[in-house]
2 protein chains.
Amino acid sequence: MDNVTIKDIARALNLSTSTVSRALRGSYEINPETKRLVMEYAERLNYRPNPIALSLRENRSRAIGVIVPQIANYFFSQAINGIEAIAYNRGYHVIIFQSHESFEREVTNVEQSMARKVDGLLISLSSQTSDVSHLRNIQQRGVPIVMFDRISDEIETTRVVADNFSGAFVATEHLINTGRRRIAHITTQPWMSITQERLAGYKAALAQYGVPFDEELVRYGGFSREEVQPVVEDLLTLPNPPDAYFAAGDRLALGCLSVLRQRHISVPDQASLIGFTNLNVADMLSPALSTVVQPAQEIGQTAAECLIELIERKQKGVEFKTVKLPTQLIIRESTELIS
Amino acid sequence: MDNVTIKDIARALNLSTSTVSRALRGSYEINPETKRLVMEYAERLNYRPNPIALSLRENRSRAIGVIVPQIANYFFSQAINGIEAIAYNRGYHVIIFQSHESFEREVTNVEQSMARKVDGLLISLSSQTSDVSHLRNIQQRGVPIVMFDRISDEIETTRVVADNFSGAFVATEHLINTGRRRIAHITTQPWMSITQERLAGYKAALAQYGVPFDEELVRYGGFSREEVQPVVEDLLTLPNPPDAYFAAGDRLALGCLSVLRQRHISVPDQASLIGFTNLNVADMLSPALSTVVQPAQEIGQTAAECLIELIERKQKGVEFKTVKLPTQLIIRESTELIS
DNA sequence: TTGTAGGCGTTATCAC
DNA sequence: GTGATAACGCCTACAA
C-alpha cells in the first residue's frame, strides 16, 4: 500500500535503481523521457524517500536536539515555537529534551542527543549547571552547539541571548528617573549568565545616576513564588526598606507583587515594581505589571538559524558570534493585574 | 574519536561483526570469555549502537509525532511535558509539529510526520479541523493514532480527554448553588469536541436544577482577548444580562474578567466568573480566578502511554478506548488576581 | 544514457 | 561458538 521504494519504481518501469534515483534527483545525464516516466510514476505512487536510509548513508539525521530546563514555561515554549518554525523550514526536525533544572539530567540529555545522532544542539543551561565539560566534550566530537538565554562563556560557541544588560539598565534607569533610590533587585542564581548580565545593568544604571549600590538590596534565589516570599519580607524589615523592586523573572515578579499586596503596599504608588518577564505580558498580564519583555520567539528563531548555519558550513571554518536581541521596557501605570 | 561501530570492535578484537553483535546483545550461544572481552572493549570505547541503522533495519524510528495547535500555550506545553516524560522512559523520542490552528498546516504536519516515519501519532486537532480524512488515511496505512483534548469521533482511535462534561457540570452547578440564574457560557468553536462536551455539561446542570436554558447566553468564538471583548459587551446590553460567566478557556476567562472590571462589575459580588482553564492556575493566578482545572500533564502522559501501547502491540489486535481524566473545580473568593 | 556494485551500521539466517 | 552473507533504502563511483 505505502512504503514505496526506489526499488519498486525500478521494477515496475524495468529500470535500475540507480537510474530511478538519478531521475528523481533530476540528474542531467538522464534521458528526459525516462525522467518524465519515473517522475510521473513516483508521483502517482506518492513516493517519498526514506529519511532513515538517507540518514544512514549521509551520516546525518536532519534533526536538531533542543535541551531546555522546562517546556512548560512560557519563555521556553515560545522559544521552541521559534525554533520549530525555522527548523522545519530548513528541513530539520526538532527533538526536545528537558533538564528539569538538574545538572545530571542535562548531562544525560546531552548523551541521549548524541546517541540519537542529532546534527546539532541547542541548549539553555539548567540553573544547576556551572561545569560545561559535557558540552565541550561533544563539541570536540564535531557537533555544533548554540547556547541561548542561559549561556556559559567557558566554552566557545555561538550564543543567542536577550540584551539583559540593557534591559536591566533601562528598567533601573526608569525607576531612578521616577524618584526611586532604594531599588531592590530580586534575582536568580548568582552563577547564571542571565543573573550576572542583569546585575551588571542594574549596577551600571545606579552608578551612572550616582545612586549608591547596596549589597543588601540584591537577593539571589530560586524561581518559585514560595521562595520569593521570605526574601521580600526580609527586605521589608530593613531599617531603610526598598522603594522599588526589580525582579529578574515573571514568577519572581508575581511573588513580589503578592507579598507587597499582602502588606498593603500599593504598587506603584508606595513602591514600584518592574519584572524581567519571560511571560507574554501582552497576552496575560499586559495591563498590569511593568516589565522588561524578552523576545523569546526571536531568540529561538535566531538560535535555530545560527545552529543550522553551523551545521551546514561545518567544514568551511566557523566563526562564533554572540547575538544580543533587544528587550522592551513596558511601563504600566495601573497597580491592578487586569484593569 | 567517536562513532565507534561494531566493525571497529570486531577488527580490534579479531572477531566477526556477528560475534560482536551477539556478544553485545548478551546472546547465550557465545563464549563467556569472548563476551567479556567485547563488553569491556565496547565500554572502553563508549560504543553506542547507531539508532539510525537500527531504524532502517527494523523499519521503525522509535519516534512519535506530536501535532498540537500551538506549543506556546500553557495547556499544550504541559501536555507535551507529560508526553516527553513517558516517551523518553520508553525509549521514544518526540518530534513536535504545530498546526497553528490551521487545517492546511495540520494536513501538512501529518504528511511530514509520515515522511519522517514516526511510529505513531499524537494529535490535538486544530480549531479549523472538522474533516479528519487525513488521519483516517494514515491510520489505514497502519500508523497508530491517539487523539487528545481536541478529538473527533469520526475516526476510531484511542482518545484521551479531560472530563469536560463533568467539569462544566460542576462549575455550572456551583454557580446555580450560589444563587446565579443567568449564566453565560463563553466558549470555543461549536464544532470542536471540547465545546460540545462542555456545553452539554452546562446544559445538564441547568436542566437538573430547573434553570431555563437561554440560547442567547451561549457565545462561540475565537480565543483571543480581543475577540472576547465585544462578546461580553454584547451580553451586558441584554435586557436581562448575565449574573455569572462560565468561560471555556483561560484567555476567554481573562478577557471576560477584563471587560467586567472596565465596567466596574465586581467579581464575584455582582457577577461570578469561572474559567475552564488550561493555565496552571496554582502557579500563575491561583489566588484569583475560580477555575475548572484540566489535568494537562496527565492527559499528555496518558496519551503517550496509550500510543506506545498501540505501537508495541500493533499486531496483536487493538481495542480502542476513550480515557476521561477528572477535572478539578477551584473556587476563589477574592476578586483580585493577586491577593 | 543506463547498469553494476558497494557501502552506510546492524542483525538474522545459515553455514561450519 | 563463530563467521560469512544478505538485507533494510538510498546514493554514487565506475563500467558499459
Side-chain angles (χ1 to χ4, degrees), chain A residues 1-39 41-42 45-63 91 114-119 141-142 314, chain B residues 1-39 41-42 45-63 91 114-119 141-142 314:
Chain A
M1 221 53 180
D2 53 336
N3 277 345
V4 194
T5 76
I6 267 186
K7 248 186 202 165
D8 301 326
I9 302 180
R11 201 175 320 116
L13 266 44
N14 246 318
L15 290 169
S16 76
T17 59
S18 25
T19 307
V20 175
S21 172
R22 277 184 284 240
L24 253 17
R25 324 200 63 237
S27 171
Y28 287 109
E29 47 179 6
I30 216 89
N31 187 321
E33 179 58 14
T34 314
K35 196 187 276 186
R36 198 184 54 72
L37 228 60
V38 171
M39 292 295 223
Y41 192 75
L45 263 63
N46 197 29
Y47 167 79
R48 294 278 176 278
N50 183 329
I52 295 173
L54 281 175
S55 292
L56 182 59
R57 187 165 201 291
E58 299 173 357
N59 197 27
R60 62 187 318 223
S61 60
R62 290 198 166 273
M114 286 307 92
R116 290 286 185 192
K117 298 236 175 294
V118 297
D119 292 343
R141 285 153 68 180
K314 210 186 285 187
Chain B
M1 222 51 182
D2 53 336
N3 278 345
V4 193
T5 75
I6 269 187
K7 251 184 200 166
D8 299 327
I9 302 180
R11 202 177 316 119
L13 264 44
N14 244 316
L15 290 169
S16 76
T17 56
S18 7
T19 307
V20 175
S21 172
R22 278 184 283 238
L24 253 17
R25 323 198 65 236
S27 170
Y28 287 109
E29 47 178 4
I30 216 90
N31 186 322
E33 178 59 14
T34 313
K35 197 188 275 187
R36 198 185 53 73
L37 228 59
V38 171
M39 291 296 222
Y41 192 75
L45 262 62
N46 198 28
Y47 167 79
R48 294 277 176 277
N50 184 330
I52 295 173
L54 281 176
S55 292
L56 181 60
R57 190 160 204 299
E58 298 174 356
N59 197 29
R60 64 189 313 223
S61 60
R62 290 198 166 274
M114 286 308 92
R116 291 287 185 192
K117 298 233 176 295
V118 296
D119 293 341
R141 285 154 70 180
K314 209 186 286 184

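Since the structure is predicted, the reported quantities are computational estimates derived from the model, not experimental observations. Residue numbers begin at 1 in each chain, while the letters A, B, ... track the order of the sequences.
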Q: Taking only residues two or more places apart in sequence or in another chain, which ones pass side chain to side chain donor-acceptor pair (under 3.5 Å) with N14(B)?
A: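 Checked N14(B) against side chain to side chain donor-acceptor pair (under 3.5 Å); zero matches.
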Q: For R36(B), enumerate each residue passing the salt bridge (Lys or Arg N to Asp or Glu O under 4.0 Å) test, keeping only those at least two apart in sequence or located in another chain.
A: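 E33(B), E40(B).
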Q: Please name the pair of heavy atoms, one in I30(A) and one in K35(A), separated by the smallest distance, quoted to 0.1 Å.
A: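 That would be CG2-CE, 3.2 Å.
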Q: Donor-acceptor pairs are to be reported for all side-chain atoms of residues 53-60 of chain B against protein atoms at under 3.5 Å, with residues two or more places apart or in another chain.
A:
from	atom 1	to	atom 2	distance (Å)
S55(B)	OG	P51(B)	O	2.9
S55(B)	OG	R60(B)	O	3.0
R60(B)	NH2	Y92(B)	OH	2.9

Q: Near DNA chain D, counting only heavy atoms under 4.0 Å, which residues of residues 30-39 of chain B show up?
A: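 The stretch gives I30(B), N31(B), T34(B) as the residues lying under 4.0 Å from the strand, ordered by number.
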Q: Search all heavy atoms of R62(B) against all heavy atoms of R116(A) and return the closest pair with its distance.
A: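 Looking at all heavy atoms of both residues, the shortest contact is O-NH2, 3.8 Å.
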Q: Under a 3.5 Å cutoff, is there a donor and acceptor pairing between the side chains of N50(A) and R48(A)?
A: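 Judged by distance alone, the side chains do not pair up.
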Q: Please give, in whole Å, the distance from dC11(D) P to R62(A) CZ?
A: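 Computing the R62(A):CZ to dC11(D):P distance gives 12 Å.
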Q: At what angle, to 10 degrees, do the two end axes of the helix from dT1(C)-dA16(D) to dC16(C)-dG1(D) meet, given five pairs define each axis?
A: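 Helix axis angle between the two ends: 60°.
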Q: Reading nucleotides 8-13 of chain C from the 5' end, what letters show protein touch, with B for base, S for backbone sugar-phosphate only, - for no heavy atom under 4.0 Å?
A: BBBBBB
Q: Could you report the tightest heavy-atom contact between K117(A) and I52(B), atom names first, then the distance?
A: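 That closest heavy-atom pairing would be CB-CD1, 4.2 Å.
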Q: Are any non-hydrogen side-chain atoms of V4(A) and I9(A) less than 4.5 angstrom apart?
A: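 With C-beta onward as the side chain, the pair touches.
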Q: How many Å lie between CD1 on I9(B) and C1' on dT2(D), as a whole number?
A: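 Rounding to the nearest Å, CD1 of I9(B) and C1' of dT2(D) are 16 Å apart.
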Q: Do you see a donor-acceptor pair shorter than 3.5 Å between the side chains of S16(B) and T19(B)?
A: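 Looking only at side-chain atoms, T19(B) and S16(B) do form a donor-acceptor pair, the distance falling under 3.5 Å.
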Q: Applying the side-chain contact (heavy atoms from CB on, under 4.5 Å) test to Y47(A), which of V38(A), D8(A), N3(A), L24(A) qualifies?
A: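 With Y47(A) as partner, V38(A), D8(A), N3(A), L24(A) yield a single side-chain contact (heavy atoms from CB on, under 4.5 Å), made by L24(A).
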Q: Quick one: label I52(A) by what it contacts on the DNA or RNA (base, sugar-phosphate, nothing), any heavy atom closer than 4.0 Å.
A: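 Nothing: the residue I52(A), judged by heavy atoms under 4.0 Å, touches no strand.
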Q: Respond yes when some side-chain nitrogen or oxygen of S16(B) is under 4.0 Å from OP1 or OP2 of dG3(D), and no when none is.
A: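 Answer is yes, contact under 4.0 Å.
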Q: Measure from NZ on K117(B) to P on dC8(D) and round the result to the nearest Å.
A: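 Rounded to whole Å, this separation is 14 Å.
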Q: Using modelled atom types only, decide if a donor and an acceptor are shared between the side chain of T17(B) and the backbone of K7(B) within a distance under 3.5 Å.
A: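 No, because the side chain of T17(B) does not come within donor-acceptor range (under 3.5 Å) of the backbone of K7(B).
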